Amino acid sequence: MAEALAGPGTHIIATARTSGALEELDERILRQGGTASLAALDISDTDALRQTCRTVYERWGRLDMLVHAAIHTPPLSPVAHSDQKDLGLAMSVNVKATHELIVCTDPLLKQSEHPVAVFFADACVGRGFHGIYGSSKAAQIALARSWQRETGRIGPKVYIFSPSPMQTASRARFFPGEDPSALAKPDDEAARMVAEFKQDLRR
């Protein structure tokens, strides 16, 4: 999504838990004519998340778009055999951090003329062996849908996309025997979703 949004005149604020992939992303954004700021942080670290939002306010005064793709994917397990530790971590990253992210970015987005927030739903909610992941993901999207309804007139415009199954490391963990060539490429899905909300914003 960061690459799909990058281009001349754009500035991407990219976050991830480690800096290696961020540095590679920075190079690709620069090649497309954009610029980037990189923040290596654990999204479940409330203090770090708040400091990042404070830095955005102090430097730019606003945020035009939020794309929330961070997710914790615990091991697949029958609900009756699932681990409380896995449940706690999934809720911390997928639900509590999402709530804090909305709280922190809402005032920044409201400073933008056409603010947008993007979330991603997942069709595996409710599937067998997906109890911990699915329940935390469902709670995350419930927060996003409530925010969507609350901000319909005042912004930000909240989009909730359901990407096609993609060639990702998380997908490979859940479905190790799956043929990756039958799955969508993340770059193609990102381009499709960006085109969709850009067309909507032009109306």
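In this chain, residues are counted from 1 in sequence order. Atom set for the values below is all heavy atoms of this structure, side chains included, hydrogens, waters and symmetry mates excluded. Here the structure is a predicted model, which means the values were calculated and not measured.
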Using 30° and 60° as the class boundaries, would you call the ring planes of Phe197 and Phe161 parallel, tilted or perpendicular?
tilted

Can you say whether the rings of His130 and Phe174 are parallel (under 30°), tilted (30 to 60°) or perpendicular (over 60°)?
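It falls in the perpendicular class, over 60°.
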
Do you know which two heavy atoms are closest between [X] and [Y], and how far apart they sit?
X      : Y      : result
Thr151 : Pro156 : OG1-O, 2.8 Å
Val158 : Ala144 : CG1-O, 3.9 Å
Thr15  : Leu22  : C-CD2, 3.9 Å
Ser112 : Pro115 : O-CD, 3.5 Å
Cys53  : Leu108 : O-CD1, 3.7 Å
Trp60  : Ile13  : CZ3-CD1, 3.7 Å

Under a 3.5 Å cutoff, is there a donor and acceptor pairing between the side chains of Thr98 and Gln140?
yes

Using 0.5 Å steps for rounding, measure from the [atom1] atom of [X] to the [atom2] atom of [Y].
X      : Y      : atom1 : atom2 : result
Asp187 : Met1   : CG    : CE    : 11.5 Å
Phe119 : Leu66  : CZ    : CG    : 5.5 Å
Thr105 : Leu63  : OG1   : CG    : 6.5 Å
Lys185 : Gln167 : NZ    : CD    : 6.5 Å
Ile29  : Thr10  : CD1   : OG1   : 7.5 Å
Leu5   : Met65  : CG    : CE    : 5.0 Å

Return yes if some donor-acceptor pair links the side-chain N/O of [X] with the main-chain N/O of [Y] below 3.5 Å, else return no.
X      : Y      : answer
Gln32  : Gly7   : no
Lys198 : Met193 : no
Ser82  : Val79  : yes

Does a salt bridge link [X] with [Y], judged by any charged N lying under 4.0 Å from a carboxylate O?
X      : Y      : value
Asp106 : Lys110 : yes
Arg62  : Glu113 : no
Arg28  : Asp26  : no

Trace of the side-chain contact (heavy atoms from CB on, under 4.5 Å) decision for Lys96 with His99
CA-CA 5 Å; Lys96 292 181 180 179; His99 173 262; 5.7 Å; no

For Glu58, does the CD atom sit with more than 12 other heavy atoms under 6.0 Å from it, leaving out its own atoms?
yes

More than 12 heavy atoms of other residues, nucleotides or ligands under 6.0 Å from CZ of Arg17: yes or no?
no

Co-membership, hydrophobic cluster, residues [X] and [Y], 4.5 Å side-chain:
X      : Y      : answer
Leu101 : Val56  : yes
Val116 : Val67  : yes
Val93  : Ile71  : no
Tyr159 : Val194 : yes
Ile43  : Leu109 : yes

Would Thr35 and His11 count as a side-chain contact (heavy atoms from CB on, under 4.5 Å) if you check the C-alpha gap in whole Å, the side-chain angles of each, and the deciding distance to 0.1 Å?
CA-CA 5 Å; Thr35 57; His11 185 79; 2.7 Å; yes

Is there a side-chain contact between [X] and [Y], using heavy atoms and a 4.5 Å cut-off?
X      : Y      : result
Phe129 : Pro78  : yes
Ile160 : Gln148 : yes
Glu178 : Arg171 : yes
Lys137 : Cys124 : no
Pro186 : Glu189 : no

So that I know where these two stand, are His72 and Tyr133 an aromatic pair - ring centroids less than 6.0 Å apart?
no

Glu27/Glu23 under side-chain contact (heavy atoms from CB on, under 4.5 Å): CA gap, chis, key distance, verdict
CA-CA 7 Å; Glu27 293 176 2; Glu23 291 169 0; 5.6 Å; no

